[in-house]
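The next block holds one structure in the form of structure tokens; read it before the comments.
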Amino acid sequence: MISFTVPGDPVPQPRPRVSTRGGFARAYVPAKHPVHAYRQAVVLAAKLAGLGTITEPIQVCVVSVFERPKSHVTGRGVVKATAQRVPRPDVDNIAKAVLDALGDFFDDTLVESLQVSKSYGTAAHTKVVIG
């Protein structure tokens, strides 16, 4: 079992944009999108944790923690009743960004079980457990 943590807000995989070049459609994610830096951070954390090439079926758990926006908290540090209970990005898009980043280590088809959660916390991070 390998576990690692990526500091900072999790970044969901965006929908690709489509353009045509020479009459052919091309799907892409803009180069300036923050998902590229997030994926690099995931790869770096995985390498530092000692993750190597995987060829057997695996289970993956992704725990995404977002820093609560200041607009959700009153001046006394109490969460407002009108504040969202869970962060906005879809969990499937968060998982896609993480799994796509880990494509250097294993193919997505080897994932037999995937558990993804999202919540608010004091320090934003993504924890990934592969077993």
Side-chain angles (χ1 to χ4, degrees):
M1 183 181 303
I2 297 279
S3 157
F4 58 89
T5 302
V6 180
D9 269 332
V11 180
Q13 181 68 30
R15 298 217 182 279
R17 298 202 181 179
V18 179
S19 68
T20 57
R21 181 174 280 175
F24 294 97
R26 176 178 85 96
Y28 68 97
V29 174
K32 293 184 179 180
H33 197 283
V35 76
H36 299 295
Y38 178 67
R39 286 165 135 193
Q40 288 176 345
V42 170
V43 170
L44 179 62
K47 284 181 181 177
L48 292 175
L51 184 62
T53 304
I54 297 173
T55 58
E56 299 291 322
I58 56 170
Q59 288 106 27
V60 179
C61 177
V62 179
V63 178
S64 303
V65 178
F66 292 81
E67 188 174 339
R68 187 173 286 281
K70 291 180 182 178
S71 63
H72 286 197
V73 183
T74 65
R76 298 181 192 146
V78 177
V79 176
K80 295 178 183 176
T82 57
Q84 289 179 315
R85 294 188 57 217
V86 293
R88 182 114 174 113
D90 295 347
V91 292
D92 59 330
N93 293 335
I94 295 168
K96 181 148 182 56
V98 171
L99 291 177
D100 286 352
L102 295 174
D104 294 346
F105 303 101
F106 59 85
D107 187 10
D108 291 12
T109 59
L110 291 176
V111 178
E112 66 180 7
S113 172
L114 176 64
Q115 182 179 3
V116 186
S117 65
K118 63 180 181 176
S119 64
Y120 283 117
T122 55
H125 65 277
T126 304
K127 182 172 182 177
V128 180
V129 180
I130 300 171

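Not measured: the values here are computed from a predicted model.
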Validation: residues 74-86 side-chain donor-acceptor distances under 3.5 Å, sequence neighbours left out:
{"from": "Thr74", "atom 1": "OG1", "to": "Arg76", "atom 2": "N", "distance (Å)": "3.4"}
{"from": "Thr74", "atom 1": "OG1", "to": "Val78", "atom 2": "N", "distance (Å)": "3.3"}
{"from": "Thr74", "atom 1": "OG1", "to": "Val78", "atom 2": "O", "distance (Å)": "3.2"}
{"from": "Lys80", "atom 1": "NZ", "to": "Ser71", "atom 2": "O", "distance (Å)": "3.2"}
{"from": "Gln84", "atom 1": "OE1", "to": "Tyr120", "atom 2": "OH", "distance (Å)": "3.4"}

Glu112 versus Pro57, closest heavy-atom pair with distance: OE1-CB, 3.6 Å

Point-to-point distance, once rounded to the nearest 0.5 Å, from CD1 of Ile58 to CG of Leu114: 9.5 Å

Phe105 and Ile2: side chain to side chain contact (heavy atoms under 4.5 Å, CB included), yes or no, with the steps? CA-CA 12 Å; Phe105 303 101; Ile2 297 279; over 6 Å; no

In this structure, would Val116 and Leu110 fall into the same cluster of hydrophobic residues linked by side-chain contacts under 4.5 Å? yes

Between Val35 and Val6, is there a shared hydrophobic cluster once you connect ILVMFWY residues whose side-chain heavy atoms come closer than 4.5 Å? yes

Side-chain donor-acceptor contacts of residues 11-27 below 3.5 Å, not counting sequence neighbours, with atom names and distances?
none

Taking all non-hydrogen atoms of both residues into account, name the closest pair between Arg68 and Val73 and its distance. CD-CG2, 3.9 Å

Would you name the heavy atoms of Asp9 and Val65 that are closest together and state the gap between them? OD1-O, 4.3 Å

Gap separating the OG atom of Ser64 from the NE2 atom of His125, nearest 0.5 angstrom: 8.5 Å

Once you round to the nearest 0.5 Å, how far does OG1 of Thr109 lie from CG of Leu99? 11.0 Å

Pair Ile54-Ile130, side chain to side chain contact (heavy atoms under 4.5 Å, CB included): steps then yes or no: CA-CA 10 Å; Ile54 297 173; Ile130 300 171; 4.0 Å; yes

Are Asp108 and Asp100 side-chain neighbours, meaning at least one heavy-atom pair lies under 4.5 Å? yes

Please name the pair of heavy atoms, one in Phe4 and one in Val42, separated by the smallest distance, quoted to 0.1 Å. CE1-O, 3.9 Å

Is a donor on one side and an acceptor on the other found under 3.5 Å between the side chain of Lys118 and the backbone of Val91? no

Side chain to side chain contact (heavy atoms under 4.5 Å, CB included) assessment of Thr126 paired with Val62: CA-CA 7 Å; Thr126 304; Val62 179; 3.8 Å; yes

Please give me the minimum heavy-atom distance between Pro10 and Phe66, naming the atom from each residue. O-CE2, 3.4 Å

Correct closest heavy-atom pair for Ala101 and Val43 would be O-CG2, 3.2 Å

CG of Leu102 to CZ of Arg39: how many Å apart, nearest 0.5 Å? 10.0 Å

Passes side chain to side chain contact (heavy atoms under 4.5 Å, CB included), Gln40 versus Leu44? Steps please. CA-CA 6 Å; Gln40 288 176 345; Leu44 179 62; over 6 Å; no

